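Single-structure report; data block below.
Each ligand, and each atom within it, is numbered from 1 in the order the structure gives. As the structure is a prediction and not an experimental result, all values here were calculated from the model.
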Amino acid sequence: MATDSWALAVDEQEAAVKSVSGFISRRGGRSRGPGIIKTSTTAEKTDEEEKEDRAAQSLLNKLIRSNLVDNTNQVEVLQRDPNSPLYSVKSFEELRLKPQLLQGVYAMGFNRPSKIQENALPMMLAEPPQNLIAQSQSGTGKTAAFVLAMLSRVEPAERYPQCLCLSPTYELALQTGKVIEQMGKFYPELKLAYAVRGNKLERGQKISEQIVIGTPGTVLDWCSKLKFIDPKKIKVFVLDEADVMIATQGHQDQSIRIQRMLPRNCQMLLFSATFEDSVWKFAQKVVPDPNIIKLKREEETLDTIKQYYVLCSSRDEKFQALCNLYGAITIAQAMIFCHTRKTASWLAAELSKEGHQVALLSGEMMVEQRAAVIERFREGKEKVLVTTNVCARGIDVEQVSVVINFDLPVDKDGNPDNETYLHRIGRTGRFGKRGLAVNMVDSKHSMNILNRIQEHFNKKIERLDTDDLDEIEKIAN
Ligand SMILES: Nc1ncnc2c1ncn2[C@@H]1O[C@H](COP(=O)(O)OP(=O)(O)OP(=O)(O)O)[C@@H](O)[C@H]1O
């Protein structure tokens, strides 16, 4: 029975969720139970109204990623001292890491440094220590790079905090802590303290852990009010996920106040996945005399994408058109974008009733639930993923070659959101595989949006008749 298959899909999604590690705090969780259950209050929100949660996106990417993001981008290096020769390494041995650390690196399965690591590590490990601001997209190996830097400088025999790392959230701090623990596991005497809310220590205590990782508020308290840490003894200060950091009220000031307490010769390192102006300004405030490494991002283009639109007169007609197309689009993996959570849930349920196995990614799910859904989709367990734009933003699922805009992307004023359109269906040169985009149009208004998108990119979007089987066959090939 159709409803059974939907229920089954729900059960499967829930089971997948349960299998995801449970170490992440549920404090402040946004979930209202299993992923697809919704309440009317939140379901009415448009995706534009959903708060973009950068920290959640970042965590999601970390949870679902098990390897480096393939990257052919150019690295741009700006050296503080242009007279010193550019130095990059192609192997971890060239870095002359301590043997325990090299063991740690190999135990993690790393064979050679990633592109950002090739350039950043020699700078970070140089004597005297140099400051660094580094930007490269998520998944390119930044965390591993600064963890190696901290572990190289720390003196495990000394029992006081020497390296301090700031993360924007509790969950991200835990993730980075895990990497420190894994990479440093051949230093038995090395200990790590988590300066996060809820980790209560007795007043007057001094901590003996050599590395402290935490969120800005708690770290500030530990350094100033509570004096658990002597900031004057810190040798390496890392500010991770600077772009996420500054998106949170208060974090910027707290980070700057912490930085001001550190000694002048403390090595300052800042990492960010993006480099908009605000991040850059912040970076310059907390990292004096920096070396700078940037990864150039490849441009996305619509050149290799076949774009179509389907003319309908209602939501139900759009659904019907989608069903007609279903066989053609599921030759590959497809993502279907809706404007609201409500539409996304409705569509996933309707497709399911038709007997199609689809996954739903919705903003109401907890981060771990979303990670589980994406992972299943990535593994090809579901071929179709229905989602809203906010929810899918920042998630790269490279194998998707069919995108259906069940609703066209618009900004909060109802104008075409060209950037989102490009981001949804565009391809970088690297993934220059052919792709297919189908836009559902159901009113004069949406036709107008489509025309404006067409004009903006100066690329023709062809009409597709979904009642014509020959035409459908054509697009699938
Ligand atoms: N040299 C390497 N060789 C193989 N795998 C690596 C290497 N460096 C990092 N990785 C792995 O690649 C993945 C991404 O690395 P990492 O988390 O350091 O990226 P990141 O740039 O810090 O991402 P984010 O911006 O999300 O924090 C991780 O699973 C990590 O274990």
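The 12-atom threshold is not exceeded at NZ of Lys281, counting heavy atoms of other residues, nucleotides or ligands nearer than 6.0 Å. Surrounding NZ of Lys232 are more than 12 heavy atoms belonging to other residues, nucleotides or ligands, all under 6.0 Å away. When the shell of 6.0 Å around CD of Glu419 is examined, it contains 12 or fewer heavy atoms from other residues, nucleotides or ligands.
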Can you check salt bridge (Lys or Arg N to Asp or Glu O under 4.0 Å) on Lys142 and Asp240, steps first, answer last?
-> CA-CA 9 Å; Lys142 297 187 293 298; Asp240 191 19; over 6 Å; no
Under the salt bridge (Lys or Arg N to Asp or Glu O under 4.0 Å) rule, what do Glu127 and Arg153 come out as? Steps first, then yes or no, please.
-> CA-CA 11 Å; Glu127 285 298 346; Arg153 298 234 181 254; 2.8 Å; yes
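With ligand atoms numbered from 1 in the order given, ligand 1 contributes 1 (N), 2 (C), 3 (N) to contacts under 4.0 Å with heavy atoms of Arg112. Those atoms of ligand 1 that come under 4.0 Å of a heavy atom in Ser114, given as number and element, are 1 (N). Counting the atoms of ligand 1 from 1 in the order shown, those under 4.0 Å from a heavy atom of Thr143 are 17 (O), 18 (O), 20 (P), 22 (O), 27 (O). Atom numbering of ligand 1 starts at 1 in the shown order; those under 4.0 Å from a heavy atom of Phe92 are 1 (N).
In terms of polar-atom proximity, defined here as any N/O pair under 3.5 Å, Gly139 does make such a contact with ligand 1. Checked by distance only, ligand 1 and Ala144 come closer than 3.5 Å through their nitrogen or oxygen atoms. Of the polar atoms of Asn111, none of the N or O atoms is found under 3.5 Å from an N or O of ligand 1, judged by distance alone. For a threshold of 3.5 Å applied to N or O pairs, the pair formed by Thr140 and ligand 1 contains at least one separation below that value. For ligand 1, none of its N or O atoms has an N or O atom of Ala273 under 3.5 Å away.
If you look at Phe146 next to ligand 1, there are no close heavy atoms at all, none under 4.0 Å. At a heavy-atom distance under 4.0 Å, only side-chain atoms of Glu241, from C-beta outward, approach ligand 1.
Under the 6.0 Å distance and 45° angle rule, Arg197 does not count as a cation-pi partner of Tyr170.
Every heavy atom of Phe271 sits 4.0 Å or more from the atoms of ligand 1.
One side chain, Gln307 or Tyr421, offers a donor N or O that lies under 3.5 Å from an acceptor on the other.
Ring-plane geometry between Phe146 and Phe271 is classed as tilted, the angle between the planes lying from 30 to 60 degrees on a 0 to 90 degree scale.
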